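Lettering of chains follows the sequences in order, A, B, ..., and the numbering in each one begins at 1. All of these numbers come straight from a predicted model, not from anything done at the bench.
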Number of protein chains: 4
Amino acid sequence: MKIKIGILGATGYTGAELLRLLVNHGGVEISWLTSEKFSGKTISQVFPHLSGFLDIECKSVRKLGELQNVDLVFSCLPHVTSMHFVKKMLDTGARVIDFSSDFRFSDIKIYEKWFKSKHKYRNYLKNAVYGLAEINKEAIINAQLVANPGCYATSVILGTAPMVKEGLLMPDSIVADIKSGLSGAGRAPDLEHHFSEANESINIDSVSGHNQKPEMEQELSKLGNSNIHITFIPHQASFDRGILATIYSSLNKRVTANKIHDIYAKFYSNSCFVRISELGNLPGTKNVRYSNMCDIGIGFQDDIFVSVAAIDNLGKGASGQAIQNMNLMFDFPETQGLTSTAIYP
Amino acid sequence: MKIKIGILGATGYTGAELLRLLVNHGGVEISWLTSEKFSGKTISQVFPHLSGFLDIECKSVRKLGELQNVDLVFSCLPHVTSMHFVKKMLDTGARVIDFSSDFRFSDIKIYEKWFKSKHKYRNYLKNAVYGLAEINKEAIINAQLVANPGCYATSVILGTAPMVKEGLLMPDSIVADIKSGLSGAGRAPDLEHHFSEANESINIDSVSGHNQKPEMEQELSKLGNSNIHITFIPHQASFDRGILATIYSSLNKRVTANKIHDIYAKFYSNSCFVRISELGNLPGTKNVRYSNMCDIGIGFQDDIFVSVAAIDNLGKGASGQAIQNMNLMFDFPETQGLTSTAIYP
Amino acid sequence: MKIKIGILGATGYTGAELLRLLVNHGGVEISWLTSEKFSGKTISQVFPHLSGFLDIECKSVRKLGELQNVDLVFSCLPHVTSMHFVKKMLDTGARVIDFSSDFRFSDIKIYEKWFKSKHKYRNYLKNAVYGLAEINKEAIINAQLVANPGCYATSVILGTAPMVKEGLLMPDSIVADIKSGLSGAGRAPDLEHHFSEANESINIDSVSGHNQKPEMEQELSKLGNSNIHITFIPHQASFDRGILATIYSSLNKRVTANKIHDIYAKFYSNSCFVRISELGNLPGTKNVRYSNMCDIGIGFQDDIFVSVAAIDNLGKGASGQAIQNMNLMFDFPETQGLTSTAIYP
Amino acid sequence: MKIKIGILGATGYTGAELLRLLVNHGGVEISWLTSEKFSGKTISQVFPHLSGFLDIECKSVRKLGELQNVDLVFSCLPHVTSMHFVKKMLDTGARVIDFSSDFRFSDIKIYEKWFKSKHKYRNYLKNAVYGLAEINKEAIINAQLVANPGCYATSVILGTAPMVKEGLLMPDSIVADIKSGLSGAGRAPDLEHHFSEANESINIDSVSGHNQKPEMEQELSKLGNSNIHITFIPHQASFDRGILATIYSSLNKRVTANKIHDIYAKFYSNSCFVRISELGNLPGTKNVRYSNMCDIGIGFQDDIFVSVAAIDNLGKGASGQAIQNMNLMFDFPETQGLTSTAIYP
């Protein structure tokens, strides 16, 4: 029997990617989806590539009460807005995977500082599980509420976790320079992402800190049982999909690249979506586009340890990861619906 | 039980797309694949995105004799070269889907004129089936040798077939202006397709005629039982995937757009990969990328009838179509392994 | 002494290109420029690439009355809006180059049909000169009001003018299939031109006719002294700059390609911005990007004559052409400020 | 009177950019240019965008002896090869600007280590001047041989020089993460830069060190009179032109962002091609493409100082900078031929 799915905010890019993956999953049935901008239209009018695959109507969230109870809700709503609807859905008995930052932080003060908003659902927050299966699988399986990780955070945590776990990195030394494709900026038209403004370029919004920085620091600090500090700057480059994280750090003792390669291989030995590059090879976004894979390569420049992680920002960085979490929560094989390779060429 | 597959010339772009689709098909097992340039390497060394999905070694065609007999061979070898290996494979009892032009022409003189080469296998040619399922399904099901259509020809034939079948087009009036992505140019590096030479541009190689012109003319002439002539120019634009064919023609009697829309809808009513756009909408390549779909829209400018067909040049234009043919030949559901929507965004 | 310039609507893409060219012209001084969206900001805040080159403040058109009288006004305002301000500027004694369609049509009924608006300035229209120097140089030199041609019209007229002038084309046979870069869609953000919607694709808005079709027909009909009809469809492809027009037509008598090449060469012998490709070569947008050049190539496919014209939509298709017209009107050398080659690579 | 110019290796991308700039310079005459691959062809056959601008024939370097003596030679030959021809040209009395690394290093051992080749012209090396006008103007004016800086080195040196000069950076703390467009990879076709391999992606060749690292270290160490160490990784992203250097470092005492902004502004007060962004703004490659400008922005993330420098890799990173050096050497205004703004959009 198929599980019943509802999607909140389905007509942005994370929603689109979720739908692309769900229509081929085989174990689910999409009961309803909401969109404020496009309510009343069918989803295939909004996304013509879905024509013939999925044709249900977009509903307004204002009609949530009239919608059928479902087994699982994905919330693709924005930060701060999402929490209210997540709460409502949990109260219907549904399990929820939330794409926003609203339930990612154990420390409510950090959330409130970075998002400049009050968090109203402290009790729900307490039971939320950070949805990065590679470090948190058991908790996800049993979670009622999964906070799906941010795309930048996913790449940096996966790129450093084995070293942090072993306590090998100087906790203040980590610099994560991230390059992201433009689908990460979302689907709402603005001048900055108008084609001829954004095309053929790379730029940087701010150097002073991004709200996924405390997310990385929280998860790595837990994992390493120490106080990890990250310097993190995201860049936007003119391609659609992909994140490349180049992470520089200092080791607190000498370890060879070979030994480190073993540490990564072992750490991820049960992770079906992580591939460790052979020494000398480094990952690129090309090999993970539109897939749920994370490719990681490592090396040294003089004494500086460098790890490089490549993911698709909407795949392992968002909707692919959400499906992976769903699979764990509902006892599907972890890879169901995620067996496609990256597209190429 | 899975059918056994061999692939000749697997390390170009049609081979890569075939592999991407086959590893998720579920009904096949890839027994061997050949590559002259990369023989001795594993396929995942050649295509790192396949790492973890497929890791067999590339063989040289010179060792064909040592390879296991298979149920089906895909030949992705170039025109003129392909025919020799297709013949060899047929002689082992395998069925063959050939991507080259070598077995597409009923009239050997047309082949020899356009390809400036002798055709050595007249008897095999006679039994070859042109692999466009939308007009030729029964023959494909029973074929031992399927000539997989050219990408340009696929778009033009699908874009005009219903009208030609009804005899509604002036047979000398058809102009097909095609825009193709650059993956259509193949994987061999050359100056013309070096990134900074090809990027941010559209150009045109020749106006004087392309070898898929007689292919379109042959199939449409058969279908319309008249002598169809096509003026056809392909353009290359700086994106990876997709073909948009804009086809201008004159009608030999007045028919309304609504009536024509019905003609198309009826003609393709059993075609799972063709979508007819509502009147007023026109297709773009975006909605078919990396899928096996063909989107068709129609309209008029004054008295000129315009049909627009969009496909992915490596999908419905090559490897997707080849899988569709395989499904028909081996009694799989026609859509097996081809159920993915276009990628987006 | 430098001529004084005013620019209406300077913060769109035609305005930006005009400014890029004018700051290096040497014979002009920009007295003022207007922008409704950015009034109060300096132009280098709007266009940071101009920082250090031009730093004057954007004014609102509502303050036109307070602005200094100038020798020449460029109006980059939209169709229908532009005419009112053009009229006001003419009344101050300024000469005007108008980028909109408002003064391009001799027949006011054609304008009113295509733009669905009343034209209020019939007397001004009568004296307007169509600003395509290659066919209209003398009139431009003496014009008070120049209607700067549309980008599509420029490419099709230049691509066919020599043949039309000689009366060699069947007047109903012309099909102009145009591919344009996305800067042609303007600078106002919308979903269709949001980066990840528009990137990696080619599409088509409508087949039923575009408002530059009557513009082409008017000018070619005048030139050929006959009633020319054009079938014209524009496409948008995912690159920034460039137009490639592929124009198919039937000849009304046999003429060799060599002879036609001579006809083109002779027709453009005094045109400093038109280059005729050698027979066998065809133009691409790459060789004209960000320049004022128009490259034209010709050939045959069977009996169909094909001419191909490449321009930059904002160069010869808009702002470059406007500078060329200014040069003619104010007795500068025709190429002043337009001597840059296309950018490459 | 115009100075006479010769160009060695003119048909790569640095040669192409040099030609694009020189044909509009006004003070020079190109006497000859060489190309091994295209000798015998005219330069406009090689680069059709130059058609009508420059049409001289490409010569083989083997005929150097027959070529006219010139005032200035640009060598765009590859590392290790270049030195031999530079030496020959110097011996004719010409002044030389060399694009290769061959004369950039004061310490011949560093050169020989990084380029794994013997350096044969120690005496010439001694007199070579590192051609970064912003730190070395006087020496360039009088130089017979200028070693034109590397593109990566230019961005990192310009991005950090004011701080290094003031001794404010911890000398071991600098991490320079560079993102470059693909024209930086040169014009020789290879699989890695074949359009559909390189498009829509970002990747990284190696983390272990690049030959422009010692170049940065040498110049910054001189400037800061201390031993500067740089961790530097270049990335290639799928756009044509531009370099963005994100440079992370630790200060050795507290200084405010405002104060640092003043330091940069003062350091570059006589530099016509450097623009310092207002605090809060960061540069992007878009505003410098195809120009000789370098945009620099600064800020902090917690205690980490971040400076960001944007240049065009072929502009200020290569050929634009070479023209700037030529202007200084031959007493032209420093900006002559370099007055164009960045292209936009």
Looking at OG1 of A/T341 and CZ of B/F53, how far apart are the two atoms once the value is rounded to the nearest 0.5 Å? 6.0 Å

For A/D55, look at atom CG and say whether over 12 heavy atoms of other residues, nucleotides or ligands are found less than 6.0 Å away. yes

Toward chain A, the part of B/Y344 with a non-hydrogen atom under 4.5 Å: both

Quick one: what part of A/D295 sits under 4.5 Å from any heavy atom of chain B, side chain, backbone, both or neither? neither

B/D240 (side chain) donor-acceptor with A/P345 (main chain) under 3.5 angstrom: no

Residues of residues 276-289 of chain B with any heavy atom under 4.5 Å of a heavy atom in chain A: B/K286, B/N287, B/R289

Pair count under 4.5 Å, heavy atoms only, with chain A: among B/S291, B/G52, B/S340, highest is B/S340

Heavy atoms only, distances under 4.5 angstrom: which of A/P48, A/A342, A/S183 has the most pairs with chain B? Name it, please. A/P48

Close approach to chain A in residues 15-22 of chain B, criterion heavy atom under 4.5 Å: B/A16, B/E17, B/R20

Determine whether a donor-acceptor pair (N or O, by modelled atom type, separation under 3.5 Å) exists between the side chain of A/R275 and the backbone of B/S51. yes

Rounding to 0.5 Å, atoms CG (A/N199) and CG (B/N199) come to a distance of 7.5 Å

